[in-house]
2 protein chains.
Amino acid sequence: MTKERADAARNREKVLSAASELFAAKDPRTVTMEDIARAAGVGRGTLYRRYPDVASIATALLDEHEKALQHELLQGPPPLGPGAPPHERLAAFYTAMAELLDQHVHLALGAETGARRYATGAYGFWRAHVLALLREADVGDPDALVDTLLAPLAPDVFAYQRERGVSTARLTAALTELARVLDR
Amino acid sequence: MTKERADAARNREKVLSAASELFAAKDPRTVTMEDIARAAGVGRGTLYRRYPDVASIATALLDEHEKALQHELLQGPPPLGPGAPPHERLAAFYTAMAELLDQHVHLALGAETGARRYATGAYGFWRAHVLALLREADVGDPDALVDTLLAPLAPDVFAYQRERGVSTARLTAALTELARVLDR
DNA sequence: AGGTGAAGTGGACACGGTGTCCGGTTGCAC
DNA sequence: GTGCAACCGGACACCGTGTCCACTTCACCT
């Protein structure tokens, strides 16, 4: 991996910041490569050089925010990090994810709508984490339960609930209850 | 509502059966209006006369199968229908939905991928049903919980789990456990 | 049976987004 | 300052969408 050229870096910056604004300004699911290229003031070819599609740009933006949480899950203090009982860690995870979604739904919608969600590296991470918690908690068939428990965190679901007037706080409470009830 | 003309009925039939085969034959999310028109041997204009988009055709096909379940929920024998305690009815509902998905994933994927799911009448029905059960079960904040509990039934999630090797039976067991544990 | 008007049909059209390709430009190392 | 490799951006061909309208088919009425 050789050093990035100056003009390339400049354009990457322009693209990311323009995309970030676009995702926030309109329905993220309707943002096109052409939109982003125009907003960033670069050619479409330049865009495709680095990103194969719109979703991957949103993913790149979202990744930054997710990295922090992933780090905390691995080596932060309990109950998010190791050290607390699994159901408490699950509740803490739910809370953190709800907050993350609350702040970045637009990016999440741009990145992981529909089936694309499962293709992102992030989903793999969350999945591995929850799977480990379920194994530790000794529930029956963790592999069948993981995706079920992650489903409510799909950006589509979150957006719909918000649209229906369910606040993030109420959602967090519901998820926490769910996590707690799973213990035993 | 006047009677349907003979040629119209004939075409409707051709369209639905051609669409049904197409959804089963390839990834339902990639089926286009053009595909269906060609397969049915009708013009694109004819298609648009009745259906605004591909999803609505899949929805029409899926509806038939869903009608039966909806009827049972309303007036069938317990535990699916009225008469059993709410958590048992929820478990029965989960089981029935898993079976429905098992048989018709392709249609469900064509009909309700991503956010479109919440726009269908069917989702409203499931939602109302589960909401009523949750109210009856006296859980805290049913409105915050209902979409959370329906999220695992999203076609995308089901398809992903199947792809990962989780059988419908295992999924059903997991969902049943979830429903039962909510009782308390 | 034949005429008539309304319902239904289908293909042509304009549009917008995709992804690729390549001649021209820019930056960096020497 | 020169050479080359990385990078840029617009043009191009393609595909799916949704609309529009001249034409066909049906069902009803006499």
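Within every chain, numbering begins at 1; the chains are lettered A, B, ... in the order of the sequence lines, protein sequences first and strands thereafter.
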Inset, instruction - Could you check how far CG of Leu47(B) sits from P of dG18(D), rounded to whole Å? - result: 11 Å
Legend entry - Which atom of Leu175(A) lies closest to which atom of Pro152(A), heavy atoms considered: CD2-CB, 4.2 Å
Inset, instruction - Determine: side-chain N/O of Thr46(A) to OP1/OP2 of dC7(D), distance under 4.0 Å, yes or no. - result: no
Inset, instruction - Choose from dC8(D), dC26(D), dG16(D) the nucleotide whose nearest atom is closest to any side-chain atom of Thr32(B). - result: dG16(D)
Legend entry - For atom CZ of Arg12(A) and atom P of dC7(D), their distance in whole Å: 10 Å
Inset, instruction - Spell out yes or no: do the side chain of Arg5(B) and the base of dT25(D) have one donor N/O and one acceptor N/O closer than 3.5 Å? - result: yes
Inset, instruction - Have a look at Arg10(B) and say if it touches a base, only the backbone sugar-phosphate, or nothing, with a 4.0 Å heavy-atom cut-off. - result: sugar-phosphate
Legend entry - Distance in angstrom units between Arg44(B) CZ and dC21(D) P, rounded: 17 Å
Inset, instruction - Quickly work out the Arg49(A) CZ to dT25(C) C1' distance and round it to whole Å. - result: 13 Å
Inset, instruction - Output all residues satisfying ring pair (Phe, Tyr, Trp, His ring centres under 6.0 Å) with His87(A), sequence neighbours left out; order by chain, then residue number. - result: none
Legend entry - Nearest-Å distance for atom pair CD1/C1', residues Ile57(A) and dG19(C): 13 Å
Legend entry - Value in whole Å for how far the C1' atom of dC8(D) lies from NZ of Lys14(A): 10 Å
Legend entry - Residue Tyr48(B), side-chain heavy atoms: nucleotide from dT17(D), dG8(C), dG19(C) that is nearest: dT17(D)
Inset, instruction - Please tell me which of Gly45(A) and Asp35(A) maps to the more 5' nucleotide of DNA chain C, matching each residue to the nucleotide holding its nearest heavy atom. - result: Asp35(A)
Inset, instruction - Rounded off to whole Å, could you give me the CG-to-P distance for the Asp53(A) and dT20(C) pair? - result: 11 Å
Legend entry - Partner set under ring pair (Phe, Tyr, Trp, His ring centres under 6.0 Å) for His71(A), not counting sequence neighbours: none
Legend entry - Residue-phosphate contact under 4.0 Å: Asn11(A) side-chain N/O, dC7(D) OP1/OP2: no
Legend entry - Side-chain heavy-atom pair Phe23(B), Leu109(B) within 4.5 angstrom cut-off: no
Legend entry - Residue mapping more 5' on DNA chain D - nearest nucleotide basis, Ala9(A) or Thr30(B): Ala9(A)
Inset, instruction - Can you tell me the distance, in whole Å, between the CD1 atom of Ile36(B) and the C1' atom of dG16(D)? - result: 12 Å
Inset, instruction - Counting heavy atoms from C-beta on, name the nucleotide in dC7(D), dG17(C), dT17(D) closest to the side chain of Val54(B). - result: dT17(D)
Inset, instruction - Measure up the Tyr160(A) and Tyr118(B) rings against each other and bin them: parallel (under 30°), tilted (30 to 60°), perpendicular (over 60°). - result: parallel
